[in-house]
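See below for the structure under consideration.
A, B, ... follow the sequence lines: proteins, then strands. Residue 1 opens every chain. Side chains included, hydrogens not; waters and symmetry mates left out as well; all remaining heavy atoms used.
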Amino acid sequence: MTTLLTVEDLRVTFPTRQGPSEVVRGVGFTLGRERLGIVGESGSGKSQTGRAILGLTPPPGKATAKVLDFDGIDLRAASAATWRRLRGARMSMVMQDPKFSLNPVMTIGKQLMEALKFGAGETRAQARARALAMLEAVQIRDPERVFRAYPHELSGGMGQRAMIAMMLVTEPDLLIADEPTSALDVTVQVEVLRILDRLVRERGMGLIFISHDLRLVSSFCDRVLVMYAGRVVEELKAADLGKAQHPYTRGLMNCLPKIEGGVRPLPTLERDAAWAR
Amino acid sequence: MGEVMLSVEALDVTFRRGGDTVRAVRGVGFDVARGESFGIVGESGSGKSTVLRAICGLAPTSGGTIRLKGQPLPDPRPATFFRAVQMVFQDPYASLHPRHTVDRVLSEPLAIHGFDRREERIEGALRDVGLGPSFRFRYPHQLSGGQRQRVAVARALILEPEVLLLDEPTSALDASIQAEVLNLLDRLRAERGLTYVMVSHDLAVVAHMCDRLIVMQHGAAVEELTRAALSAHRAATDYTKKLLSASEGFTPA
């Protein structure tokens with residue numbers, strides 16, 4: 001398997017009144033053309049890890065790393081021009097909620113075309129055809145209508161699919177999906193995952209899937225990183241999640257209620273200060 | 001079934017705006033016995049929250065009757081209704097006043113309903129939901145999500161209601177915090193013989209918490225199930241089957 005992304009000792013720090021606060025503390029992993037899941041609770045640093053890879057750590061935060069290498073390009077020293085060439089075209093990100101990440105005053109079509117504008121010398125008509133084809137690929141039944149629609153005219157599931165289309169129309173090598181299905185209904189969620197799954201298998205895309213939903217990640221990803229307090233506490237194959245060693249991972253698994261019925265009261269998670277060290 | 005606490009019969013809720021009409025709830029009916037925990041499951045837009053809001057008198061009912069202990073409810077709801085029925089909302093980040101302390105959140109309902117021994121009741125309510133007296137003079141921004149939801153539960157319980165309407169009480173919380181809040185709700189129901197009506201999109205949460213449930217789609221109840229039937233995946237309608245399989249996580253097509 002070819003390595004697409006190498007991350008070593010990634011740290012993200014935000015200045016606070018009490019001094020610098022490190023929210024990601026030495027995360028490292030490699031990604032091939034596979035589906036990697038990052039799970040953790042809110043505040044575990046999983047989203048900041050995803051953003052730092054794209055160089056999108058919000059100021060005044062600072063991201064540093066020993067190695068941050070994307071397909072032979074050192075991202076730590078990347079210039080603004082390099083980022084412009086990479087972001088969108090070769091690596092992109094799907095955010096959690098389409099309501100907040102689509103431009104409300106631009107039609108979906110216009111936003112899709114904007115993503116294609118920096119592409120290699122296509123005519124408008126070619127770009128448009130490609131955009132429409134992409135909308136169809138994400139299972140939007142009436143792409144012409146959605147192309148003309150504004151974000152508020154679409155349902156949550158449609159908006160999220162439109163956003164995925166926008167991120168994928170440039171055929172990136174790496175997609176970072178930050179809770180891409182958390183705002184969606186379960187039945188729509190499965191459809192969106194199918195789309196992502198197909199893209200990984202057919203186009204050999206690398207996917208980083210960030211989620212708080214351990215059950216979902218274990219059924220969808222190949223490999224899982226479990227994060228706690230800014231660190232990776234455990235890395236395992238998704239299929240082996242049942243055999244997790246770390247008490248945090250096991251606690252997260254056990255505290256989920258089950259349809260088949262389980263114990264009551266539900267086991268709760270006893271946090272150990274040593275996990276954060 | 002024992003004594004019927006809450007009964008909803010052929011409930012219709014229609015929203016009108018301009019020339020548009022939206023029939024959000026269409027002929028939904030169910031009975032909830034005293035001490036029972038009843039669930040309403042559905043996807044967004046299925047009308048499940050609107051049913052709860054209609055019970056509280058927060059949504060315009062255009063048909064059907066809602067009875068509490070056999071008595072049809074007048075419109076607007078009288079103060080005695082809110083003594084008996086209280087609601088916990090989905091998002092504790094939005095449902096607590098950002099500039100009111102926990103003490104103020106808890107003392108307001110007591111003042112409205114003319115309760116005595118307020119000091120004692122506030123401290124008792126905080127203790128019941130697992131928060132110490134040190135939380136009493138904090139503002140919501142000084143609390144975590146789980147602590148906020150505990151305050152919201154304390155606010156609802158401080159009037160000693162018999163029925164608690166729970167609108168997605170844990171969907172804004174992390175899994176580990178969700179377990180704590182569900183355990184809290186479970187314990188309070190057992191201790192006080194409360195009746196719950198719980199709305200959720202999460203089948204596993206409803207299966208854990210509720211004895212019986214209905215599944216809603218497009219404003220109508222498509223199926224009624226017992227917990228045992230749900231656990232055994234014995235669903236009669238295609239829609240419920242689809243929900244069940246989607247809840248299992250991702251399966252390659």
Pick whichever of Gly249(B), Ala232(B), Ala204(B) has the most heavy-atom pairs under 4.5 Å with chain A. Ala204(B)
With sequence neighbours excluded, tell me which residues meet salt bridge (charged side-chain N to carboxylate O under 4.0 Å, His left out) with Arg234(B). none
Considering residues at least two apart in sequence or located in another chain, which fulfil the side chain to side chain donor-acceptor pair (under 3.5 Å) criterion with Gln189(A)? none
Can you tell me which portion of Leu203(B) sits under 4.5 Å from chain A's heavy atoms? Options are side chain, backbone, both or neither. both
Looking at chain B, which one of Arg215(A), Lys258(A), His212(A) has the largest number of heavy-atom pairs inside 4.5 Å, strictly under? Lys258(A)
From the options Val51(B), Val41(B), Val222(B), select the one residue that forms a side chain to side chain contact (heavy atoms under 4.5 Å, CB included) with Met216(B). Val51(B)
Would you kindly check if the NZ (Lys) or CZ (Arg) of Arg35(A) is within the cone defined by 45 degrees around the ring axis of Phe209(A) and under 6.0 Å from the six-membered ring centre? no
Assign the ring pair Trp275(A) / Tyr228(A) to parallel, tilted or perpendicular, where the plane angle (0 to 90°) is split at 30° and 60°. perpendicular
So what's closer than 4.5 Å to chain B heavy atoms on Arg198(A): side chain, backbone, both or neither? neither
Less than 4.5 Å to any heavy atom of chain A: does that hold for the side chain of Arg187(B), its backbone, both, or neither? neither
Turns out that what part of Glu43(B) lies under 4.5 Å from chain A's heavy atoms comes down to both
Residue pair Val153(B), Leu188(B): steps toward the side chain to side chain contact (heavy atoms under 4.5 Å, CB included) verdict: CA-CA 10 Å; Val153(B) 172; Leu188(B) 290 169; 3.9 Å; yes
Based on non-hydrogen pairs under 4.5 Å, which of Ala175(B), Ser245(B), Ala228(B) is most in contact with chain A? Ala175(B)
Output, in order, the C-alpha distance, side-chain angles, deciding distance and verdict of salt bridge (charged side-chain N to carboxylate O under 4.0 Å, His left out) for Arg145(A) and Glu153(A). CA-CA 10 Å; Arg145(A) 183 187 79 84; Glu153(A) 297 172 305; over 6 Å; no
Which region of Val263(A), side chain (C-beta onward) or backbone (N, CA, C, O), has a non-hydrogen atom less than 4.5 Å from a non-hydrogen atom of chain B, or is it both or neither? backbone
Sort Leu193(A) into side chain, backbone, both or neither according to what part of it lies under 4.5 angstrom from a heavy atom of chain B. both
Run the numbers on Val232(A) and Phe29(A) for side chain to side chain contact (heavy atoms under 4.5 Å, CB included), then give the verdict. CA-CA 9 Å; Val232(A) 175; Phe29(A) 59 88; 5.7 Å; no
Chain A shares the most heavy-atom pairs under 4.5 Å, among Ser44(B), Gly45(B), Ala207(B), with Ser44(B)
Pick whichever of Ser171(B), Ser231(B), Ala246(B) has the most heavy-atom pairs under 4.5 Å with chain A. Ser231(B)
